[in-house]
Number of protein chains: 2
Amino acid sequence: MARKIGSHSEITGPRIREAALRLFARHGFAAVSMRQIAAEVGVQAGTLYLYTADKQALLFDLMQDHLTELLTATSQIETGGTPTARLIAFARFHIGYHLDRPDAVFIAYMELRNLSPENFATIEHLRRRYEDRLQAILQAGSDCGEFALPDARMAGFALIAMLTGVTGWYREGGRLSRVEVQTLYAEMALRAVGRRAPD
Amino acid sequence: MARKIGSHSEITGPRIREAALRLFARHGFAAVSMRQIAAEVGVQAGTLYLYTADKQALLFDLMQDHLTELLTATSQIETGGTPTARLIAFARFHIGYHLDRPDAVFIAYMELRNLSPENFATIEHLRRRYEDRLQAILQAGSDCGEFALPDARMAGFALIAMLTGVTGWYREGGRLSRVEVQTLYAEMALRAVGRRAPD
DNA sequence: GTCTATAGTACGATAGAC
DNA sequence: GTCTATCGTACTATAGAC
């Protein structure tokens with residue numbers, strides 16, 4: 001990966017972010033040095049500071065972009081339908097989206113404590129907006145009697161944790177296909193909220 | 001917290017471990033320095049090495065002790081009964097035990113990547129033994145038709161993630177009591193595996 | 001058993017050459 | 001736009017005084 005002197009700003013920026021995402025996910029933000037990131041990209045450490053104000057900003061940007069894109073993508077599946085249909089769609093979307101971006105998901109859930117207070121507040125707000133979309137589905141289902149929920153808010157936390165947990169064990173090419181996992185988890189989610197999956 | 005020269009080996013050791021547990025959970029293993037731990041205890045950094053070979057051993061011992069105690073405690077609730085009763089007991093135990101030890105739980109799930117390969121293998125084996133106890137309950141329930149499970153192994157992963165997620169949002173003195181949370185989660189777990197909670 | 005002091009290394013970030 | 005070089009600081013771990 002020897003590199004020559006020259007102008008590569010259009011590709012170096014994204015490459016820095018990709019390397020940081022991978023390294024932060026693998027070893028943790030605090031355990032990764034700017035020198036490691038630079039080595040992965042093939043530039044010197046000082047060069048990184050042309051593309052980020054400091055290490056903290058690099059982490060924040062990765063998390064903010066991930067959550068912003070997540071919210072944008074979620075908007076597309078948020079259209080009407082019964083609470084049951086919406087919950088199925090949410091579960092399938094959540095699993096598919098998260099399995100496609102294991103590193104970004106891992107960082108967004110694990111590196112919150114390495115954010116500055118201001119950055120933490122921003123990220124938490126974005127995450128809250130995402131979780132609220134599931135809460136809204138559960139509340140609607142509870143209100144119309146389609147779901148049997150003693151506590152919609154708690155059920156939301158439980159479902160998010162259950163669905164996100166897929167990223168901890170699923171391996172591409174394993175015993176279960178992605179579609180099978182999506183189907184089985186959606187079914188468990190429906191059962192957990194007191195609604196049998198329509199089949 | 002000023003301290004004088006003298007002999008305190010019997011209390012310094014545990015205090016170091018308590019401080020390390022709290023700091024690792026709060027800021028992450030890689031982000032905490034030996035100096036910080038020493039300052040929290042009220043000794044100098046060099047003193048820590050009378051009680052631990054190095055920083056890595058400190059982390060490993062905390063995780064190993066937590067999981068060993070978890071397995072010991074689990075053995076007590078593993079006695080017979082129907083799969084339904086056993087799953088309820090497991091869910092209630094898991095939540096109660098984890099809510100009592102938020103720092104140890106957090107570290108055991110978050111700092112795996114900061115373990116050396118050998119230490120990682122040991123810890124993973126212990127965790128696997130714990131998860132197998134839930135898998136055994138689910139498999140038994142599936143075999144005798146008490147649970148409707150397309151895939152007992154996947155359901156085990158889903159339930160563990162759901163139950164452990166409680167530590168992420170539950171606050172003592174909040175809207176829901178610990179017993180209420182235990183009851184509601186056990187109910188969701190039973191529903192998720194295709195068995196209605198007996199009531 | 002704890003301290004002070006320090007060796008040896010690595011870090012984040014910056015300055016200035018090319 | 002990237003490099004080399006470096007400043008100032010912090011780290012893990014150890015040695016030896018008390």
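All chains are named by letter (A, B, ...) in the order of the sequence lines, taking the proteins before the strands, and each is independently numbered beginning at 1. Bear in mind that the values here come from a model prediction, so they are computed numbers and not experimental data.
- What separates CG of A:L50 from P of C:dA13 is a distance of 14 Å, to the nearest Å.
- Under 4.0 angstrom from either OP1 or OP2 of D:dT2 there lies at least one side-chain N or O belonging to A:Y51.
- Of the residues in residues 21-28 of chain A, none lies under 4.0 Å from DNA chain D by heavy-atom distance.
- Taking atom CG on A:L58 and atom C1' on C:dA13, their separation rounds to 14 Å, with Å as the unit.
- Taking the charged nitrogens against the carboxylate oxygens, A:R178 and A:E172 do have a contact shorter than 4.0 Å, which makes a salt bridge.
- A salt bridge links A:R175 and B:D151; the closest N-O separation between the charged side-chain nitrogens and carboxylate oxygens is under 4.0 Å.
- Within the structure, the side chain to side chain donor-acceptor pair (under 3.5 Å) test picks out the following pairs touching residues 137-148 of chain A (sequence neighbours left out): A:T84-A:E146, A:Q139-A:D143.
- At whole-Å resolution of the value, CD1 in A:I37 and C1' in C:dA10 are 15 Å apart.
- Side chains of B:T68 and B:D65: no donor on one and acceptor on the other come within 3.5 Å.
- Residue A:Q44 places none of its side-chain N or O atoms closer than 4.0 Å to OP1 or OP2 of D:dT2.
- Note: CZ (A:R15) to P (D:dT2) measures 10 Å, nearest angstrom.
- Distance CD1 (B:I16) to C1' (C:dG1): 11 Å, rounded to an integer number of Å.
- A ring-centre distance under 6.0 Å is not found for B:Y185 and A:F157.
- By the 4.0 Å N-to-carboxylate-O rule, A:E40 lies too far from A:R15 to be salt-bridged with it.
- B:L48 has its CG atom 14 Å from the P atom of C:dG1, to the nearest Å.
- Salt-bridge annotation for B:E124 and B:R127: present, with a side-chain N of the basic residue lying under 4.0 Å from a carboxylate O of the acidic one.
- For the pair B:T12 and C:dG1, the criterion of a side-chain N or O lying under 4.0 Å from OP1 or OP2 is not met.
- Not one side-chain nitrogen or oxygen of B:Y49 sits closer than 4.0 Å to the OP1 or OP2 atom of C:dG1.
- To the nearest angstrom, P of D:dC7 lies 13 Å from CZ of A:R35.
- Side-chain N/O atoms of B:S33 include one lying less than 4.0 angstrom from OP1 or OP2 on D:dC11.
- Put simply, CG on A:D54 is 13 Å from C1' on C:dT14, counting in whole angstrom units.
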